[in-house]
Engineer: 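Starting off with a structure, shown below.
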Amino acid sequence: MSLPITQVAAAHIASVYMDAAASVRKAIAIIDEAARHGAELITFPEAFIPGFPVWAALWAPIYNHDWFKKMAANSIHIDGPEIAQIRAAAKRNGIFVSLGFSESTEASVGCIWNSNVIIGDDGSILNHHRKLVPTFYEKMVWAPGDGHGLRVCQTRIGRIGALICGENTNPLARYSLAAQGEQIHISAWPAIWPTRMPKSGQNFDNVAANKIRAGGHSFESKVFGILNAGFMDQAMLDALTEGGDAQAREVLENTPRAATQFLDPTGASVGDFLQNEEGIAYATFDLNACVEPKQFHDIVGYYNRFDVFDLSIDRRRITPATFRGPNSASGKQSRSSEPVQDGQVASSETMEE
């Protein structure tokens with residue numbers, strides 16, 4: 001049986017910072033452009049809507065209340081009008097879309113998640129994932145997610161899975177996708193991720209760290225990888241330093257920029273590479289190249305000892321309360337919260353909103 005050959009694209013672009021509506025319009029324009037250039041899948045960076053909260057790294061929490069309120073006001077619902085517009089663009093173009101966004105909830109005006117949605121070429125929601133653990137200073141912004149979105153989507157262009165940024169450091173999260181026959185792995189990243197003052201020592205190297213993690217997954221699982229990083233434009237830089245904080249500007253201007261790139265099932269680079277300019281990167285994935293390396297190491301097949309190792313994954317969607325009795329079904333419940341049966345690969349039929 002021959003496997004699909006597909007052209008994929010990754011949007012190495014800046015959000016319209018802390019502006020959900022404008023970021024949605026920009027995303028739709030990118031979806032249209034990628035489709036015109038023959039892409040069958042277009043991905044977006046971590047928290048593209050409304051932008052990555054790098055301010056949590058720059059100042060102590062007592063200085064960030066206004067930033068958090070702005071972030072919460074521009075976070076969006078999975079069943080809201082913004083996602084509906086993205087879904088319509090995917091359907092109109094017949095293209096798959098992976099989108100990072102800050103997600104809000106009807107249960108709270110201040111609880112938000114770092115989320116990712118995979119949308120089918122028919123506009124259906126294939127998977128909705130919330131980042132399991134916000135990383136480092138992200139904990140001051142986002143709530144921890146759950147295992148509901150640890151799913152691989154069966155599509156006409158292959159089996160697609162996605163993890164958000166530091167989740168790609170977690171071997172169990174990566175293995176949970178490999179165990180579902182993943183063939184294309186999407187990893188979404190911020191434009192920058194400062195951890196130190198520039199003159200105080202080695203700052204976090206986004207390019208090296210991200211490729212090590214994603215490359216490890218491509219090599220171990222024998223899958224193609226899409227590393228989709230964000231881009232910090234001048235508008236984002238100016239917004240973050242509007243108060244004239246010279247130290248914050250120094251950090252932002254001197255922190256290594258992340259790169260958007262593609263990997264083959266051996267972990268080697270393929271396709272375009274973008275780092276210091278906005279644009280759409282493209283690559284062609286021939287999934288038949290996933291087969292030969294499986295002869296060497298198949299960690300979900302004969303290169304494992306299932307009698308020795310046993311992994312259990314809880315896919316229940318976490319909710320704040322369970323209501324029983326009359327009128328207990330108040331509030332809109334998204335169908336994406338319905339569990340897929342154990343061992344089943346997510347598809348548009350099982351996960352459609």
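What's counted below: heavy atoms across the whole structure, side chains too, no hydrogens, waters or symmetry copies. All values reported here derive from a predicted model rather than from experimental measurement.
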Engineer: Compare every heavy atom of I112 with every heavy atom of S104, then report the nearest pair and how far apart it is.
Structural biologist: CA-CG2, 4.2 Å

Engineer: When you compare the side chain of K222 with that of D298, does any pair of heavy atoms fall below 4.5 Å?
Structural biologist: no

Engineer: Where the side chain of R315 meets the backbone of L150, is there a donor-acceptor pair that is under 3.5 Å apart?
Structural biologist: yes

Engineer: State, with a plain yes or no, whether a side-chain heavy atom of H129 is found less than 4.5 Å away from one of W113.
Structural biologist: no

Engineer: State whether E138 and K131 are salt-bridged, where the test is any N-O pair (Lys NZ or Arg NE/NH1/NH2 against Asp/Glu carboxylate O) under 4.0 Å.
Structural biologist: yes

Engineer: Decide yes or no for N114 and R130: does some side-chain heavy atom of the first lie under 4.5 Å from some side-chain heavy atom of the second?
Structural biologist: no

Engineer: So which atom in I95 and which in A39 form the shortest heavy-atom distance, rounded to 0.1 Å?
Structural biologist: CD1-O, 3.4 Å

Engineer: Looking at CZ of F44 and CD1 of I186, how far apart are the two atoms once the value is rounded to the nearest 0.5 Å?
Structural biologist: 11.5 Å

Engineer: Drop me the distance from F101's CZ to S15's OG, to the nearest 0.5 angstrom.
Structural biologist: 13.5 Å

Engineer: At their closest point, which heavy atom of A173 faces which heavy atom of L132, and how far apart are they?
Structural biologist: CB-CD1, 4.3 Å

Engineer: Using side-chain heavy atoms (C-beta onward) and a distance below 4.5 Å, is V54 in contact with W193?
Structural biologist: no

Engineer: Under a single-linkage definition using a 4.5 Å side-chain heavy-atom cutoff for Ile, Leu, Val, Met, Phe, Trp and Tyr, are I42 and Y282 assigned to the same hydrophobic cluster?
Structural biologist: yes

Engineer: Under a 4.5 Å side-chain heavy-atom rule over Ile, Leu, Val, Met, Phe, Trp and Tyr, are I118 and L41 clustered together?
Structural biologist: yes

Engineer: Are I192 and R257 side-chain neighbours, meaning at least one heavy-atom pair lies under 4.5 Å?
Structural biologist: yes

Engineer: What residues form a side-chain contact (heavy atoms from CB on, under 4.5 Å) with A60, not counting sequence neighbours?
Structural biologist: I62, Y63

Engineer: Decide if the gap between the ring center of W59 and the ring center of Y137 is smaller than 6.0 angstrom.
Structural biologist: no

Engineer: CD of E40 to OG1 of T284: how many Å apart, nearest 0.5 Å?
Structural biologist: 9.5 Å

Engineer: Rounded at 0.5 Å granularity, tell me how far CD in E278 sits from NE2 in H12.
Structural biologist: 8.0 Å

Engineer: Taking the side chain as everything from C-beta on, heavy atoms only, tell me whether F219 gets closer than 4.5 Å to L263.
Structural biologist: no

Engineer: Looking at K294, I want to see if its NZ is surrounded by more than 12 non-hydrogen atoms of other residues, nucleotides or ligands under 6.0 Å.
Structural biologist: yes

Engineer: With a 3.5 Å distance limit and no angle check, can you tell me whether S102 reaches the backbone of A47 through a side-chain donor-acceptor pair?
Structural biologist: no

Engineer: For the backbone of M140 and the side chain of W142, can you confirm whether one donor and one acceptor N or O come within less than 3.5 Å of each other?
Structural biologist: no

Engineer: Answer yes or no: is there an ion pair linking D146 with R316, defined by an N-O contact shorter than 4.0 Å?
Structural biologist: no

Engineer: Any chance you could measure N203, atom CG, to M197, atom CE, to the nearest 0.5 Å?
Structural biologist: 9.5 Å

Engineer: Do F48 and V97 land in one hydrophobic cluster if side-chain heavy atoms of ILVMFWY residues count as linked below 4.5 Å?
Structural biologist: yes

Engineer: Are V117 and N127 side-chain neighbours, meaning at least one heavy-atom pair lies under 4.5 Å?
Structural biologist: no

Engineer: I'd like to know if the side chain of T195 reaches the main chain of F204, judged simply by a donor and an acceptor atom lying under 3.5 Å from each other, with no hydrogens or angles considered.
Structural biologist: yes

Engineer: Between R174 and L163, is there a side-chain heavy-atom distance shorter than 4.5 Å?
Structural biologist: yes

Engineer: Using 4.0 Å as the upper bound for N to carboxylate O, is an ion pair formed by R249 and E242?
Structural biologist: no

Engineer: Does R92 come within less than 4.0 Å of D32, counting only side-chain N to carboxylate O?
Structural biologist: yes

Engineer: Do the side chains of I313 and L172 join up, straight or via other hydrophobic residues, at under 4.5 Å, putting them in one cluster?
Structural biologist: yes

Engineer: Ignoring hydrogens, what is the shortest heavy-atom contact between D264 and S218? Give both atom names and the distance.
Structural biologist: O-CB, 3.4 Å

Engineer: Quick one: CD1 on I226 to CZ on F285, what's the gap to the nearest 0.5 Å?
Structural biologist: 4.5 Å

Engineer: Using modelled atom types and a 3.5 Å cut-off, is there a donor and acceptor pairing between side-chain atoms of D233 and backbone atoms of M236?
Structural biologist: yes

Engineer: Examine distances only and state if a side-chain atom of N254 and a backbone atom of E250 form a donor-acceptor pair shorter than 3.5 Å.
Structural biologist: yes

Engineer: P194 and V251: which non-hydrogen atoms are nearest, and at how many Å?
Structural biologist: CB-CG1, 3.6 Å

Engineer: What pair of heavy atoms forms the shortest contact from A289 to P265, and how long is it?
Structural biologist: O-CG, 3.7 Å

Engineer: Could you see if I125 belongs to whatever hydrophobic cluster contains I28? Use Ile, Leu, Val, Met, Phe, Trp, Tyr and a side-chain cutoff under 4.5 Å.
Structural biologist: yes

Engineer: Donor-acceptor pair, distance only, cut-off 3.5 Å: does the side chain of R159 make one with the backbone of E182?
Structural biologist: no

Engineer: Checking the side chain of S23 only, and the main-chain atoms of V16 only, is there a donor and an acceptor separated by less than 3.5 Å?
Structural biologist: yes

Engineer: Are there more than 12 heavy atoms of other residues, nucleotides or ligands under 6.0 Å from atom CD of Q247?
Structural biologist: no

